[in-house]
Amino acid sequence: MNCNKGTESVSERYSAQEIEAKWQQKWDTAGIDAASSDEDGRESYYCLAMFPYPSGNLHMGHVRNYCLGDAVARYKRMQGFNVLHPIGWDAFGLPAENAAIKHHRPPAEWTYANIDQMRGQLKRLGLSYDWSREIATCHPDYYRWEQWMFTKLIEKGLAYQSNAEVNWCDPCHTVLANEQVVDGVCWRCDTPVIRKNLKQWFIRITDYAEELLADLDQLTGWPEKVVGMQRNWIGKSTGAEVSFGLENSEERLDIFTTRPDTLMGVTYMAVAAGHPLAQKAAESNPGLAVFLDECSKISTKEADVETMEKKGMSTGFNAIHSISGEPVPVWVANFVLMGYGTGAVMSVPAHDQRDFEFAKKYDLRIQQVIAPVNGDWDITSGAFTDAGVLINSGQFDGLASTEAKQAITVWLAENNKGSERIQYRLRDWLVSRQRYWGAPIPVIHCDDCGAVPVSDDQLPVELPTHLQPTGGASPLSECEAFKHTDCPQCGKPAERELDTFDTFMESSWYMNRYTSPRNTEAMVDAADMQRWAPVDQYIGGVEHAVLHLLYARFYHKLMRDAGLFTAGQGGDEPFKNLLTQGMVLKDGTKMSKSKGNTVDPSAIIERFGADTARLFTLFAAPPEKDLEWNDAGVEGAHRFLGRVWRLLQKLDDSHGEANANDDAASVKAIRFATHSTIKKVTHAFEHGFAFNVAIAALMELTNSLQAYEPVGDAGKAAYSEGMEALAVMLAPFVPHFACEIAERLGMEKIAVVSSWPQVDESALAQDEITLVVQIQGKKRGEITIAKDLGQDEAMAAARASASINKWLDGMQVVKVILVPGRLLNIVVKLV
RNA sequence: GCCGGGAUGGUGGAAUUGGUAGACACACGGGACUUAAAAUCCCGAGGACUUAACUGUCCGUGCGGGUUCGACUCCCGCUCCCGGUACCA
């Protein structure tokens with residue numbers, strides 16, 4: 001190694017801290033991170049990473065998310081796009097209230113302090129955000145538009161009030177979030193939670209179910225799994241609504257079923273504990289009243305409801321079978337929920353496994369009405385849940401399940417006992433939260449006029465920010481100044497709604513607000529939407545695959561339908577491409593404070609610099625997979641930067657032009673390395689963002705350059721070419737470092753604004769190729785032949801190799817498969 | 001429970017989407033440099049057996065089957081882990 005030439009730079013070691021401070025200042029001065037509002041001929045590109053909840057400190061999951069986004073944003077800038085890359089704070093939410101209780105500070109104080117802290121950390125990472133567009137959702141300038149939108153939804157009938165159950169803790173006198181219910185008890189006082197019915201606000205997302213489902217087809221830039229999860233979540237099913245009569249009553253019991261073909265197999269009905277029929281039965285049945293009370297002590301979590309022991313009790317009432325007219329006992333079951341559909345289901349134990357187990361447990365009748373098309377089914381062994389042929393179904397006997405669904409539904413409709421019905425699993429969006437730290441729901445309750453939306457000129461309804469939560473009832477209920485107001489309609493004294501919005505409300509439209517974040521005239525500006533929306537690349541955790549992403553898609557359509565922009569201006573969908581990143585794990589589980597397995601990004605940055613932190617998080621795993629944290633790996637990333645740094649030593653001041661026609665084999669090899677790396681790294685940015693592989697390719701190029709001894713002008717030029725390409729391609733990942741290298745290479749532009757390198761195809765041309773030779777699909781050797789040779793020549797070359805030919809001895813060649821440029825597989829058999 | 005995803009050396013991962021399994025890195029071992037250490041550089045390495053030999057053979061991508069000239073990749077059946085499950089965000 002030629003160590004003497006570069007003695008001056010040897011003494012100067014790579015110092016991340018100095019370099020990073022220097023370049024952050026330079027970028028800031030140059031203003032290269034701001035999205036340009038001028039028409040400058042560049043195409044727009046909107047890159048968005050999910051904004052953070054300001055929890056206190058940046059964690060590694062944030063670092064990963066934002067480094068991914070920054071790599072994309074920087075790459076697109078280098079490709080010549082005018083890039084919008086904003087950041088802000090999802091600042092309302094439960095943790096702020098919890099912290100407020102713990103530290104006796106109002107949540108606003110805690111939240112804003114965290115924002116300041118985390119903003120500093122993001123800046124220290126050198127992320128190329130347009131800070132002039134920063135937003136915080138807890139600011140009235142932001143949530144006023146959400147309140148405005150809600151009043152429009154009330155006017156349109158898209159927002160409404162209805163009863164819904166919440167987890168209630170009696171001693172704490174408060175509603176508990178699902179997260180605060182641990183094994184059925186309150187996390188703070190260990191009291192079993194009970195369900196409480198409250199009047200709450202809903203938004204009719206079900207009105208948009210069909211469009212939300214249909215438009216999934218447009219989302220070709222989304223991972224298929226996310227599209228599939230949304231499709232399942234919406235859960236469209238076609239079935240029948242069936243109306244059962246009740247013995248000795250005028251009332252009816254309505255249910256929905258996806259299996260009308262099994263209707264003749266109904267042997268009992270099951271209703272929710274909260275169903276009027278159950279309540280009525282309990283009045284004269286103390287045992288049942290006790291059971292209903294027990295049912296109200298399950299948390300509202302779906303996982304709890306579905307996995308608990310299935311229990312029931314008879315109401316003593318009978319329903320009348322819609323077709324047969326036979327009496328059918330009505331039971332109360334703890335797994336039937338009020339508020340999902342009609343709060344009642346028909347039960348067919350012969351053809352539904354849960355019903356089967358329930359029937360076995362309580363010795364209820366099992367009536368088989370579907371038989372397998374081929375063979376028999378032992379109905380004592382379990383439910384037969386497949387489609388088949390109808391039996392024991394009177395006039396419908398012999399029909400196949402699909403025909404029977406149709407026939408029975410038609411019969412029900414003709415006899416006024418039901419109809420075909422499309423049902424969605426998706427339920428309307430419950431947006432009320434009985435919490436303080438959220439956007440106030442802009443409604444005033446008047447004794448005479450009812451729930452009246454706050455008028456435009458009275459918006460925003462500002463949340464008092466000085467209140468102190470205690471863990472009990474919402475402090476808003478004790479804030480007289482907030483609570484009391486006048487009815488906008490009749491002027492009489494009235495009370496404000498004390499609930500606040502679900503924080504998903506804020507995160508459902510922030511992507512659009514970034515297009516005109518300081519707009520005081522409207523929620524968004526149509527021209528700005530035209531320019532930037534939809535988001536070209538959205539990046540965030542898989543955990544948001546359903547809820548956040550579905551609500552945001554819905555809200556986008558609400559905004560469109562409110563006339564804020566047209567489909568042409570903002571698209572029908574808010575996010576064109578989606579990258580779902582995996583979590584950051586340590587010791588196999590998600591990093592979290594409670595588990596004590598967190599790694600503080602600041603400590604890494606302090607020790608190794610931002611570029612090392614960035615490089616490691618991008619290199620350690622493919623973006624969509626979970627990333628296992630590894631301290632040693634961080635050191636490895638840092639060492640890599642040191643290796644590149646030392647490559648500078650090999651350069652002297654000659655900078656000739658690289659020439660593709662230079663025939664020196666070593667020049668050709670290094671140029672091949674350079675240009676194949678450009679190809680690989682570019683491919684990573686254009687297809688799937690496999691940055692771990694892109695960085696591995698850059699490491700390989702580094703290894704090649706390190707092993708290369710530049711000789712003569714052509715050699716030096718090829719070396720410079722490789723170094724410059726390396727510096728520019730490193731810029732999206734380790735921007736400070738790349739800029740410093742580029743500057744030291746004497747490049748005219750700093751790396752972050754350099755244009756992306758082009759592949760010189762002539763440097764990739766090869767005269768000879770290596771083919772793997774397989775016999776019976778097992779690798780037996782390699783041959784190197786001229787690239788255009790065919791199967792016969794390849795066979796000849798294979799036979800010429802002794803180590804290959806020995807496998808062909810005494811064999812008859814049956815078949816030869818040549819995969820051009822890859823392999824030759826020879827299939828043989830004994831002669 | 002239901003929906004979705006995953007499993008490849010000691011570790012993180014790669015494999016041009018059916019064509020050389022283990023790129024790149026971490027950890028480890030050996031060597032060079034050094035008074036020494038750090039840093040750096042060079043070399044080695046999936047496992048088993050075998051050879052004078054990095055010779056050669058076999059096995060190997062969670063488990064059990066299948067399709068194919070050829071399977072980490074496709075199909076069927078499992079196991080375990082992770083995410084979501086509507087009030088954590």
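Labels below follow one simple rule: chain letters A, B, ... track the order of the sequence lines, proteins then strands, and each chain is numbered from 1. Remember, it's a predicted structure, so these values are computed and weren't measured experimentally.
- Residue Ala545(A) is out of contact with every strand shown, counting any heavy-atom pair closer than 4.0 Å.
- Heavy atoms of Lys778(A) sit under 4.0 angstrom from primed sugar atoms or phosphate atoms, though from no base atom.
- Here salt bridge (charged side-chain N to carboxylate O under 4.0 Å, His left out) pairs that include residues 612-622 of chain A, with residues two or more places apart or in two chains, are Asp70(A)-Arg614(A).
- Residue Thr503(A) is classed as a sugar-phosphate contact, given heavy-atom separations below 4.0 Å to backbone atoms only.
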Reading RNA chain B 5' to 3', how would its secondary structure be written in dot-bracket notation, given Watson-Crick and G-U pairs with both distances under 3.5 Å, brackets [ ] for crossing pairs and | for partners on other strands?
(((((((..(((......[....))).(((((.......))))).((((......))))..(((((..]....))))))))))))....
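- The base of rC87(B) sits with one of its N or O atoms less than 3.5 Å from a complementary donor or acceptor on the side chain of Gln434(A).
- Of the possible donor and acceptor atoms, one in the side chain of Asp428(A) sits under 3.5 Å from a partner among the backbone N and O of Ile205(A).
- Here Tyr538(A) contributes atom OH and Met50(A) contributes atom CE; the two are 4.0 Å apart, rounded to the nearest 0.5 Å.
- Here the separation of rG31(B) from rG65(B), taken at their P atoms, is 46 Å to the nearest Å.
- For Glu635(A) and rA38(B), the CD to P distance is 13 Å, given to the nearest whole Å.
- Considering Met699(A), Glu700(A), Met729(A) as possible partners of Thr677(A), the one that fulfils the side chain to side chain contact (heavy atoms under 4.5 Å, CB included) test is Met729(A).
- In this structure, Arg433(A) is not positioned above the aromatic face of Phe501(A) in the sense of NZ or CZ being under 6.0 Å from the six-membered ring centre and within 45° of the axis.
- For a distance-only test at 3.5 Å, the side chain of Glu624(A) fails to qualify as a donor-acceptor partner of the base of rG5(B).
- Within 4.0 Å (heavy atoms only), Met583(A) reaches sugar-phosphate atoms of the nucleic acid but no base atom.
- Heavy atoms of Arg646(A) sit under 4.0 angstrom from primed sugar atoms or phosphate atoms, though from no base atom.
- For the C1' atoms, the distance linking rA89(B) with rU20(B) amounts to 46 Å, nearest Å.
- Between rU57(B) and Lys806(A), a contact under 4.0 Å exists linking OP1 or OP2 to a side-chain N or O.
- Using a 4.0 Å heavy-atom criterion, one finds that Pro52(A) contacts no nucleic acid atom at all.
- Atom CD of Glu543(A) and atom C1' of rG5(B) are 13 Å apart (whole Å).
- Residue Gly93(A) is in sugar-phosphate contact alone, with no base atom involved, counting any heavy-atom pair closer than 4.0 Å across all strands shown.
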When you check every protein heavy atom under 4.0 Å of nucleotides 15-25 of chain B, what one-letter string (B, S, -) results, 5' to 3'?
-B--BB--BBS
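- Dashed line: the shortest gap from a side-chain N or O of Asn178(A) to OP1 or OP2 of rA86(B) is under 4.0 Å.
- At a threshold of 4.0 angstrom between heavy atoms, the contacts of Gln581(A) with the nucleic acid are absent.
- Taking the six-membered ring for Trp and thresholds of 30 and 60 degrees, Phe92(A) and Tyr143(A) have ring planes inclined between 30 and 60 degrees apart.
- A gap of 25 Å separates the P atoms of rA32(B) and rC24(B), to the nearest Å.
- Here the P atom of nucleotide rC87(B) and the CG atom of Leu547(A) are 7 Å apart, to the nearest Å.
- Not counting sequence neighbours, the partners of Phe51(A) by the ring-ring contact (aromatic ring centres under 6.0 Å, His included) test are Tyr510(A).
- For residues 60-67 of chain A, proximity to RNA chain B is found at no residue, defined as any non-hydrogen atom under 4.0 angstrom from a strand atom.
- Both tests do not hold together for Arg13(A) against Trp645(A): distance to the six-membered ring centre under 6.0 Å, angle to the ring axis within 45°.
- The 12-atom threshold is exceeded at NZ of Lys310(A), counting heavy atoms of other residues, nucleotides or ligands nearer than 6.0 Å.
- For Met505(A) and rC87(B), the CE to C1' distance is 14 Å, given to the nearest whole Å.
- Residue Lys199(A) qualifies as open at atom NZ: its count of foreign heavy atoms under 6.0 Å is 12 or below.
- Following rounding to the nearest Å, Leu426(A) (CG) and rC3(B) (P) show an atom-to-atom distance of 17 Å.
- In this structure, Trp110(A) and Tyr53(A) have tilted ring planes: the angle between them lies in the 30° to 60° band.
- Using a 4.0 Å heavy-atom distance criterion, Arg231(A) is classed as making no nucleic acid contact.
- Annotation: rU16(B) and rG6(B) have their C1' atoms spaced 23 Å apart (nearest Å).
- The aromatic ring centroids of His638(A) and Phe616(A) lie 6.0 Å or more from each other.
- The residue Trp233(A) sits close to a base: some heavy atom pair falls under 4.0 Å.
- Remark: C1' of rC26(B) and CG of Leu627(A) are 13 Å apart, rounded to the nearest angstrom.
- Atom CG in Asn232(A) sits about 6 Å away from atom C1' in rC3(B), given to the nearest Å.
- For Phe619(A) and Phe733(A), the ring centers sit 6.0 Å or farther from each other.
- For the pair Arg427(A) CZ and rC87(B) C1', the computed distance is 12 Å after rounding to whole Å.
- At a cut-off of 3.5 angstrom, the base of rC87(B) holds at least one donor-acceptor pair with the side chain of Gln200(A).
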Result block: side-chain N/O donor-acceptor pairs under 3.5 angstrom for residues 686-696 of chain A, not counting sequence neighbours:
residue: Glu686(A); atom: OE2; partner: Tyr75(A); partner atom: OH; Å: 2.5

